[in-house]
Number of protein chains: 2
Amino acid sequence: MERNRIDEKKPRKPAGAALKRPELTQALYRALFEEWAERGYAAISLERVASRAQAGKAAIYRRWPSKLSFCSDAIKETAVPLVETPDCGSLQEDVQAFLVNLRRVLRHPLVRKILPDLEAERARGGEITSVLDHLAAERRARFQDLIDRAVLRGELGQTVDRDLILDTLPAPLYWRMIVRGQNASRTVLQTQASMLAAALREA
Amino acid sequence: MERNRIDEKKPRKPAGAALKRPELTQALYRALFEEWAERGYAAISLERVASRAQAGKAAIYRRWPSKLSFCSDAIKETAVPLVETPDCGSLQEDVQAFLVNLRRVLRHPLVRKILPDLEAERARGGEITSVLDHLAAERRARFQDLIDRAVLRGELGQTVDRDLILDTLPAPLYWRMIVRGQNASRTVLQTQASMLAAALREA
DNA sequence: ATAGGATGAGACGGTAGCGTTCCGACGTTG
DNA sequence: CAACGTCGGAACGCTACCGTCTCATCCTAT
């Protein structure tokens, strides 16, 4: 009876499938993010998203039951391939590699607009708060690895305040690029890495 | 002819005046900020602001021609008495005093919600962007004073990168309190001040 | 070729806020 | 006392979007 005809999400044949065309789903995600960047989460109009994707409103309501689940899926689908922080040999190099990765993310023009909106929505206690909390937890785990390596190398004491480092590492670059809207050259990253390494050793 | 009957903003007699009652104006400001914190700038409903202040919509439109000018006036009126950064004798003490002032501002429950919304609105290029740019310029001037004093004392070299310091000083506390939503104890401020002073000397 | 399912387009009634305008009530001024 | 201006409240027509629904069309699989 081939019951997988209902379950399958990807095309069985090489060409595009007809069951909830995945290309359209991607187009809807893209249109959503554009709308999101322009208006902010609270003011997203699904009508405009649909027309921006040259789709009908029904195409959205067929896939997701609500704006929240639509946006939640869009974030999860997109934010997963995020920053990787491999071991670069020293604290200073680890920090600099992290900054390079962070800059790559913060450079994206849509991220620059959507990220502050997410923070605002979270501060306000909006409905997407839970989604963001989940992402924040993942982000925190990456930091822990970086700090653990530095402690093992003896670059940081075992009593180091991990919570404070969590504030210190990403904050200056975020502030510069997102809050102040400046760009960050390679020399800026290097100087910031030096300053951060010095700050961490002081903690 | 007593032409000041038109100009005067304050009551001539001890009792409340009738011409655009200033108490009502203040009540409207307060209601605006509450609404702002709950919904965000883009979603502010002047109808709700009015009813929250137990006023009629006309009371708002009699005073301001648009939402932008209403909010703009409210911000300017409120944000002017901002942080002061007096000379405390040393870089480390100056930094710590600045952090204490910043914490005082960021602790306010309405500020915690309105500030991220302002950043998001600014990143989006919304209509209040110009108002915020003006405030940012004032804020920057305060930092220049703090750095100038440290250079004069010989604590920082004359070639120090002021732009980077502009990113480094407020970022970690802002990140901790606003983005992460944590509070900041006195020892947190002290440790951050030490870390920041070490970072600045590295710049 | 044909049947079935997704699609784009758009109509529908409902909700919400806009900005304006009117009203009767009130208090201050003269 | 009378005139005036502001007050709260409410109604106005207007626009935008919601979430549902219908329908002709197109594509794919059988």
Side-chain angles (χ1 to χ4, degrees), chain A residues 1-32 35-36 38-71 127, chain B residues 1-32 34-36 38-71 126-127:
Chain A
M1 267 297 256
E2 293 214 345
R3 59 178 299 278
N4 61 352
R5 214 178 50 197
I6 300 178
D7 296 336
E8 71 181 346
K9 297 292 182 183
K10 295 177 181 178
R12 296 203 309 182
K13 296 283 183 166
L19 307 174
K20 300 212 172 172
R21 298 182 346 203
E23 25 152 319
L24 176 56
T25 306
Q26 291 305 313
L28 288 173
Y29 281 153
R30 240 185 308 124
L32 170 65
E35 173 83 4
W36 198 331
E38 275 186 22
R39 311 263 184 163
Y41 175 84
I44 287 175
S45 155
L46 297 187
E47 290 199 350
R48 276 197 301 267
V49 172
S51 88
R52 201 192 285 261
Q54 285 168 307
K57 260 198 296 183
I60 295 180
Y61 285 101
R62 244 176 251 128
R63 288 170 170 76
W64 301 279
S66 68
K67 178 163 96 172
L68 175 59
S69 111
F70 181 18
C71 296
E127 50 184 15
Chain B
M1 270 293 262
E2 294 214 342
R3 58 179 299 279
N4 61 353
R5 210 178 53 201
I6 299 177
D7 296 336
E8 70 179 348
K9 298 291 181 182
K10 295 177 180 179
R12 297 204 310 183
K13 296 284 185 165
L19 308 173
K20 300 213 173 172
R21 300 178 348 200
E23 24 151 322
L24 176 55
T25 305
Q26 292 305 313
L28 288 173
Y29 280 153
R30 243 186 306 121
L32 170 65
E34 288 172 15
E35 173 82 3
W36 199 330
E38 276 187 20
R39 310 263 184 164
Y41 175 83
I44 288 173
S45 155
L46 297 186
E47 289 198 353
R48 276 197 301 266
V49 172
S51 91
R52 201 192 284 260
Q54 286 168 304
K57 258 199 297 183
I60 294 180
Y61 285 102
R62 243 176 252 127
R63 289 170 169 75
W64 301 278
S66 67
K67 180 163 95 172
L68 175 58
S69 114
F70 182 17
C71 295
E127 51 185 15

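The sequence lines fix the lettering, A, B, ..., with proteins before strands; numbering per chain opens at 1. Just so you know, these numbers use all the heavy atoms, side chains as well, and skip hydrogens, waters and symmetry mates. Being a predicted model, the structure only gives us computed values, none of them experimental.
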Output the rounded distance in Å from NZ (A:Lys67) to C1' (D:dG19). 13 Å
Pair A:Ser45, A:Arg39: side-chain N/O donor-acceptor within cut-off below 3.5 Å: no
Please report the shortest heavy-atom distance between A:Ile44 and A:Lys67, naming the atom on each side. O-NZ, 3.6 Å
Could you check how far CD1 of B:Ile60 sits from P of C:dG19, rounded to whole Å? 10 Å
To the nearest Å, how far apart are B:Leu28 CG and D:dT6 P? 14 Å
Let me know the distance between CG of A:Leu24 and C1' of D:dC26, rounded to the nearest Å. 14 Å
Just the rounded figure in Å: distance from P of D:dC21 to OH of A:Tyr61. 12 Å
Whole Å only: how far is the CD atom of A:Glu23 from the C1' atom of C:dG8? 14 Å
On a heavy-atom basis, the closest approach of A:Val49 and A:Ala31 is O-CB, 3.5 Å
Taking all atoms of both residues into account, what is the closest heavy-atom pair of A:Arg63 and A:Thr25, and its distance? NE-OG1, 2.9 Å
Here the pair of heavy atoms bringing A:Trp64 nearest to A:Leu28 is CZ3-CD1, 4.0 Å
Does a nitrogen or oxygen in the side chain of A:Arg62 sit under 4.0 Å from OP1 or OP2 of C:dT7? yes
Between A:Phe70 and A:Trp36, is the ring centre distance below 6.0 Å? no
Which parts of nucleotides 11-17 of chain C does protein reach within less than 4.0 Å, heavy atoms only, written one letter per nucleotide 5' to 3' as B for base, S for sugar-phosphate only and - for none? ------S
Distance, rounded to the nearest Å, where B:Trp64 contributes CH2 and C:dG19 contributes P: 14 Å
Please report the distance, rounded to the nearest Å, between CZ in B:Arg21 and P in C:dA25. 18 Å
